[in-house]
Amino acid sequence: MRHIPVVRRRRLGEELKRLRRSAGLTSGQTARLVGWHQSKVSRIETGVSRVKGEDLAVLLDALGLTDPQLRSLIGALAGRGAVDRGWWEAYGSAIPPRYRDFISLESQASRARTLETSVIPGLLQTPEYARAVTRAALVGLPAAAVDALVEVRLARQEVLRTVTPLRLHAVLDEAVLRREVGGPGVMREQLRRLSELALLPQVRVQVLPFTVGGYAGLAGPFVIFSFPNINDLDLVVLDHLTNSLYLERKEELEAYGVAFRTMCAHALSTDDSLDLIAVVRDGIRDSA
């Protein structure tokens with residue numbers, strides 16, 4: 001992907017090598033099947049070379065991979081819409097490259113663990129709240145561009161409604177509930193919607209109350225993605241105003257995994273979190 005480092009290419013190469021061996025092929029036999037030099041197959045499998053979308057599709061065909069979910073996941077890991085074009089491609093330049101990469105990963109993930117310290121997670125936002133967040137974060141953005149980004153955010157929420165939905169575990173700082181983004185009416189409706197979604201079997205919401213004091217996530221929000229079919233390919237995404245940082249080294253994944261588990265242990269239970277969300281919602285008053 002545009003922003004994913006060499007480590008990711010190497011892991012992708014390892015998966016392609018595993019598929020080749022499962023198909024009973026040598027690298028030389030694979031090269032002959034696709035009409036390449038053996039060195040090209042080797043460079044891809046070792047992560048030395050990037051693989052273009054059209055080349056990856058040819059390679060997967062030669063390896064006999066027909067599972068659409070696994071093909072799509074490998075394409076997402078390779079980046080640039082390889083193998084399959086996602087729905088987000090239709091929005092073209094309205095979606096920045098780093099956001100397209102994030103959506104691609106999100107659409108292929110089986111689980112997402114996220115910490116939010118300022119706003120409701122995008123997958124749980126109402127249209128009005130999403131619009132208010134977008135306007136506040138991207139000051140001066142034309143109305144048409146705001147509309148497009150809100151539409152994209154709502155489309156992303158389909159990952160929670162598929163036959164095998166994304167399993168989302170969100171830990172929210174209490175400040176997320178109390179910051180009245182968009183005004184009292186918008187925030188009341190958002191908290192009502194949050195309570196509804198938190199009852200879905202694939203969604204788990206916990207709140208870190210102010211009484212916890214300092215905690216590991218004070219450094220900022222993050223998302224940990226886990227993927228089906230391919231082992232050991234968890235990925236941490238740190239999103240900043242102008243860029244996204246992807247972390248995938250073993251020690252980084254372990255650190256964020258431990259931090260998330262620790263925050264879950266200190267956060268309110270799901271039931272107590274729902275109670276606090278209701279208290280905050282009922283306490284919102286319209287401005288005089």
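- By the 4.5 Å heavy-atom criterion applied to side chains, Leu245 and Val237 are not counted as neighbours.
- Note: Leu166 CG to Arg111 CZ = 10.5 Å, rounded to the nearest 0.5 Å.
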Quiz item: Are Leu60 and Val58 close enough, and set up right, to give a side chain to side chain contact (heavy atoms under 4.5 Å, CB included), and what steps lead you there?
Solution: CA-CA 6 Å; Leu60 294 180; Val58 169; over 6 Å; no
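- Going from atom CH2 of Trp88 over to atom CD1 of Ile95 covers 9.0 Å, rounded to the nearest 0.5 Å.
- By the side chain to side chain donor-acceptor pair (under 3.5 Å) test, Asp275 pairs with no residue at all, sequence neighbours left out.
- Residues Asp173 and Tyr215 bring a donor and an acceptor atom of their side chains to less than 3.5 Å of each other.
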Self-check item: Leu276 and Ser273: CA distance, side-chain angles, deciding distance, side chain to side chain contact (heavy atoms under 4.5 Å, CB included) verdict
Solution: CA-CA 5 Å; Leu276 179 57; Ser273 295; 5.8 Å; no
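- Within the 3.5 Å criterion, the main-chain N or O of Thr211 finds no donor-acceptor partner in the side chain of Glu174.
- Shown here for Pro121 and Ala170, the closest heavy-atom pair between the two residues is CG-CB, 4.1 Å.
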Show me the side-chain donor-acceptor pairs of residues 183-191 shorter than 3.5 Å, one per line, residues at least two apart or across chains.
from	atom 1	to	atom 2	distance (Å)
Arg188	NH1	Ile284	O	3.3
Arg188	NH1	Asp286	OD1	3.4
Arg188	NH2	Asp286	OD1	3.0
Glu189	OE1	Arg192	NE	3.0
Glu189	OE2	Arg192	NE	3.3
Glu189	OE2	Arg192	NH2	2.4
Gln190	OE1	Thr126	N	2.8
Gln190	NE2	Leu124	O	2.9

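- Side-chain contact between Phe210 and Arg178: present, with at least one pair of heavy atoms (C-beta onward) separated by less than 4.5 Å.
- Within a 6.0 Å sphere centred on NE2 of His169, other residues, nucleotides and ligands contribute more than 12 heavy atoms.
- Shortest non-hydrogen contact noted between Leu123 and Leu160 is O-CD1, 3.6 Å.
- Between the side chain of Arg193 and the backbone N or O of Gln125 there is no donor-acceptor pair closer than 3.5 Å.
- Of all heavy-atom pairs spanning Gln157 and Gly122, the tightest one is NE2-O, 3.1 Å.
- The two residues Thr117 and Gly217 come nearest to each other via the heavy atoms CG2-O, 3.8 Å.
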Exercise. Apply side chain to side chain contact (heavy atoms under 4.5 Å, CB included) to Leu177 and Leu194, showing your working.
Key: CA-CA 10 Å; Leu177 309 181; Leu194 178 63; 4.0 Å; yes
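- A distance of 12.5 Å separates CG in Leu59 from CD in Glu54, rounded to the nearest 0.5 Å.
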Exercise. Go through the steps to decide whether Arg18 and Glu14 satisfy the test salt bridge (Lys or Arg N to Asp or Glu O under 4.0 Å), and finish with yes or no.
Key: CA-CA 6 Å; Arg18 185 193 68 78; Glu14 290 171 1; over 6 Å; no
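- By the 4.5 Å heavy-atom criterion applied to side chains, Ile120 and Val176 are counted as neighbours.
- Ring orientation note: the planes of Tyr91 and Trp87 are nearly perpendicular, at an angle over 60° on the 30°/60° scale.
- Expressed to the nearest 0.5 Å, how far OG1 of Thr46 lies from CZ of Arg43 amounts to 8.5 Å.
- By the 4.5 Å heavy-atom criterion applied to side chains, Phe227 and Leu70 are not counted as neighbours.
- A distance-only check finds a donor-acceptor pair linking the side chain of Ser110 to the backbone of Ser226 [under 3.5 Å].
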Self-check item: Check against side chain to side chain contact (heavy atoms under 4.5 Å, CB included), Leu149 and Leu141
Solution: CA-CA 10 Å; Leu149 288 175; Leu141 198 65; 3.7 Å; yes
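- Take Tyr99 and apply the ring-ring contact (aromatic ring centres under 6.0 Å, His included) test, not counting sequence neighbours, and it matches no residue.
- Looking at heavy atoms from C-beta onward, Ser107 lies out of side-chain contact with Arg156 at the 4.5 angstrom threshold.
- Taking hydrophobic clusters as Ile, Leu, Val, Met, Phe, Trp and Tyr residues chained together by side-chain heavy-atom distances below 4.5 Å, Leu200 shares a cluster with Ile277.
- At least one donor-acceptor pair closer than 3.5 Å links the side chain of Gln206 to the backbone N or O of Cys264.
- Hydrophobic clustering, with ILVMFWY side chains joined whenever heavy atoms are under 4.5 angstrom apart, keeps Leu208 apart from Val280.
- Contact of the Asp61 side chain with the Arg71 side chain is registered, since non-hydrogen atoms from C-beta on lie closer than 4.5 Å.
- Residue Val258 is not grouped with residue Val236 when hydrophobic side chains (ILVMFWY) are merged at heavy-atom distances under 4.5 angstrom, including chains of intermediate members.
- Arg285 places a side-chain N or O within 3.5 Å of a backbone atom of Asp282 that can act as its donor or acceptor partner.
- Residues Val41 and Trp36 approach most closely at CG2-CE3, 3.8 Å, considering heavy atoms.
- Between Ile74 and Glu15 there is a side-chain heavy-atom pair separated by less than 4.5 Å.
- Leu268 and Leu115 sit in two unconnected hydrophobic clusters of ILVMFWY residues. Membership requires side-chain heavy atoms under 4.5 Å apart, directly or through other members.
- Outside the 6.0 Å centre-distance limit, the rings of Phe102 and Tyr246 are not counted as a close aromatic pair.
- Atom CE of Met263 and atom CG of Leu172 lie 11.0 Å apart (nearest 0.5 Å).
- Between the side chain of Gln29 and the backbone N or O of Thr26 there is at least one donor-acceptor pair closer than 3.5 Å.
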Exercise. Begin from the C-alpha positions of Glu252 and Arg249 and carry the test salt bridge (Lys or Arg N to Asp or Glu O under 4.0 Å) through to its verdict.
Key: CA-CA 5 Å; Glu252 293 170 333; Arg249 292 201 301 270; 3.0 Å; yes
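- If you take NZ on Lys17 and CG on Leu19, they are separated by 12.5 Å, rounding to the nearest 0.5 Å.
- Both Val203 and Val159 are members of a single hydrophobic cluster when ILVMFWY side chains are connected at heavy-atom separations under 4.5 Å.
- Nearest heavy atoms, Leu154 versus Pro127: CD1-CG, 3.8 Å.
- Between Val171 and Phe260, some side-chain heavy-atom pair lies under the 4.5 Å cut-off.
- Looking at Arg20, its side chain does come within 3.5 Å of a backbone N or O of Leu25 through a donor-acceptor pair.
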